[in-house]
Amino acid sequence: MLLYLVKNWTQVNKSWWKLIIYDNTEKQEKIVPIWLVDAIVVFARVQLTTDVLTACLREKIPVFFVVWNGKYLGKLDSLEVKNVELLYKHIWCALNENCSLKYSKIFIKSKIHNSKIMLKRWQKWSWKVVSVDETIKSLDYYIMEIDRVDNLDSLRWYEWSASKIYFMKWAEFLPANYIWAGRNKRPPRDPLNALLSLGYTLLAQLVHMYIEILGLDPQIGFMHQPKDLRSLLVLDMMEMYRSWMVDDLVLKVLRNNDITKDDFMIDRHSQTPVLLTEDGLRRFVWKFYKEVFKKSDDDIIAEWDDWIKLKHMEKTLEEFKKSLVNDEFKYTWFKLK
């Protein structure tokens, strides 16, 4: 079980082989046997006693720390030797052109398919009348063409082309006072791209954490190349979740006025990036994790089975790990329905 600590001012103590989790705000206590815990994820201001940390090290239970703005700080882990066989297989596949291309195709086909499904959902739920039929046909065409691709450069071109037409249609669901001028980043130059970039950063840190929980190396990727020090497998894996977990959230917060143009710092006469104010940042991050952790307002702890999005993410990564371990390419991509 993955144990999430998601409420501020929670204190965790140890008594024999049990964790005593006490909510100082609500004056509530929960008891969890240590042997049930596979990992602990700290998403709030939580006090873990030395006895708790020592027990986690002894029992090889990693503790992951994420701060309020979604930044993944790192983990406390034992000196246990990593699965070297898994690491070798991961490296071999990344260096093997055929194997690397197979995984890359799956990630991008999943991304395009899920983008297509989200367009249909937005069409159904939106107060606007937006026709998505032609865009869906184009995305279906790209999925078929990807099956014929025999190199990564061609695959990247199809991914770029599909993303471009997808975002053009995504923009039609935006409130009338937002104008889409295309995707830009590092730094983002308008409010829409500022929200998308922030959302993708939060998503990347979540994927990074799960990759480490499963003992995979986040630096070894397939489609993304080691041009810098970014975590390549994280960038590969998060492609499947962008539209579902971030693009949808951006539409929601703008449509509901949870974030407005007043929440952005914009200097028209300089090259500084467009950023959220501190208050706007807090509200967006809270909305992101509200979507991820539906029970976070009520429970001081929870298991990952309680949350649909986390369950899908871990299942996808676990299947990827199994496909590497078993030397079998039976990896089924994450598909929305």
Side-chain angles (χ1 to χ4, degrees), residues 1-83 202-216 218 234 245 281-318 321:
M1 128 183 192
L2 301 183
L3 183 65
Y4 293 90
L5 303 172
V6 294
K7 288 194 73 174
N8 286 331
W9 321 124
T10 298
Q11 184 172 0
V12 185
N13 297 291
K14 173 181 169 289
S15 177
W16 293 96
W17 294 104
K18 298 176 290 185
L19 296 180
I20 313 298
I21 303 168
Y22 184 72
D23 180 358
N24 281 290
T25 303
E26 302 295 332
K27 307 302 180 184
Q28 296 177 351
E29 181 178 280
K30 292 192 177 182
I31 298 176
V32 178
I34 292 177
W35 60 269
L36 286 178
V37 180
D38 296 313
I40 298 174
V41 184
V42 180
F43 271 93
R45 295 175 180 174
V46 175
Q47 289 185 335
L48 303 171
T49 66
T50 305
D51 284 347
V52 171
L53 296 177
T54 302
C56 289
L57 290 172
R58 184 182 295 116
E59 299 302 315
K60 299 180 175 56
I61 301 172
V63 183
F64 298 86
F65 296 91
V66 183
V67 293
W68 69 269
N69 64 355
K71 183 178 181 180
Y72 169 50
L73 294 179
K75 65 176 179 177
L76 174 75
D77 205 353
S78 66
L79 296 176
E80 181 183 19
V81 178
K82 288 188 174 182
N83 186 336
L202 296 174
L203 173 60
Q205 289 160 356
L206 200 61
V207 173
H208 191 143
M209 183 181 68
Y210 270 102
I211 286 174
E212 290 207 340
I213 288 174
L214 292 173
L216 294 163
V234 175
M245 297 185 71
L281 175 62
R282 288 181 182 274
R283 277 186 275 121
F284 185 82
V285 171
W286 182 84
K287 287 291 182 181
F288 178 85
Y289 286 115
K290 181 73 172 177
E291 288 290 311
V292 173
F293 304 118
K294 291 294 186 182
K295 291 189 175 184
S296 61
D297 280 350
D298 304 317
D299 292 352
I300 58 174
I301 62 170
E303 299 176 37
W304 74 276
D305 291 299
D306 296 329
W307 298 303
I308 294 174
K309 291 187 176 181
L310 291 184
K311 183 162 57 176
H312 280 301
M313 184 179 293
E314 179 155 342
K315 181 180 178 182
T316 300
L317 290 166
E318 184 66 51
K321 178 180 177 180

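Here the structure is a predicted model, which means the values were calculated and not measured.
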Distance check, rounded to the nearest 0.5 Å: N13 atom CG versus T50 atom OG1?
10.5 Å
In short, P33 meets V37 closest at the heavy-atom pair O-CG2, 3.8 Å
For the CG atom of L48 and the CD1 atom of I40, what is their distance to the nearest 0.5 Å?
6.5 Å
Going through the distances and angles, do L76 and F65 end up as a side chain to side chain contact (heavy atoms under 4.5 Å, CB included)?
CA-CA 8 Å; L76 174 75; F65 296 91; 4.3 Å; yes
Between atom OG1 of T10 and atom CG of N24, what is the distance when rounded to the nearest 0.5 Å?
7.5 Å
Output the distance between atom CZ (F284) and atom NZ (K290), rounded to the nearest 0.5 Å.
15.5 Å
Do K27 and Y22 have side chains that approach each other closer than 4.5 Å (heavy atoms only, starting at C-beta)?
yes
Contact summary for F288 and M245, nearest pair of heavy atoms
CE1-O, 4.0 Å
Side-chain donor or acceptor of D23 paired with backbone N/O of Q28 under 3.5 Å
no
List the steps, then state whether side chain to side chain contact (heavy atoms under 4.5 Å, CB included) holds for H208 with F64.
CA-CA 11 Å; H208 191 143; F64 298 86; over 6 Å; no
Output, in order, the C-alpha distance, side-chain angles, deciding distance and verdict of side chain to side chain contact (heavy atoms under 4.5 Å, CB included) for V46 and V12.
CA-CA 8 Å; V46 175; V12 185; 4.0 Å; yes
Locate the shortest heavy-atom distance separating L216 from L317; write the atom from each residue and the value.
CD1-O, 4.3 Å
Sub-4.5 Å side-chain heavy-atom contact between T25 and N8
no
CD1 on I21 to CD1 on I31, rounded to 0.5 Å
9.5 Å
Can you list the steps and then say if L203 with M313 is a side chain to side chain contact (heavy atoms under 4.5 Å, CB included)?
CA-CA 11 Å; L203 173 60; M313 184 179 293; 4.0 Å; yes
Minimum heavy-atom distance between K75 and D77, given as atom pair plus value:
NZ-OD2, 3.3 Å
Taking atom CG of L73 and atom CD of Q205, what is their separation to the nearest 0.5 Å?
8.5 Å
If you compare all heavy atoms of A204 against all heavy atoms of V234, which two are closest, and at what distance to 0.1 Å?
O-CG1, 3.2 Å
L202 side chain reached by V292 side chain, heavy atoms, under 4.5 Å:
no
K14: what forms a side chain to side chain contact (heavy atoms under 4.5 Å, CB included) with it, not counting sequence neighbours?
I34, D51, V52, A55
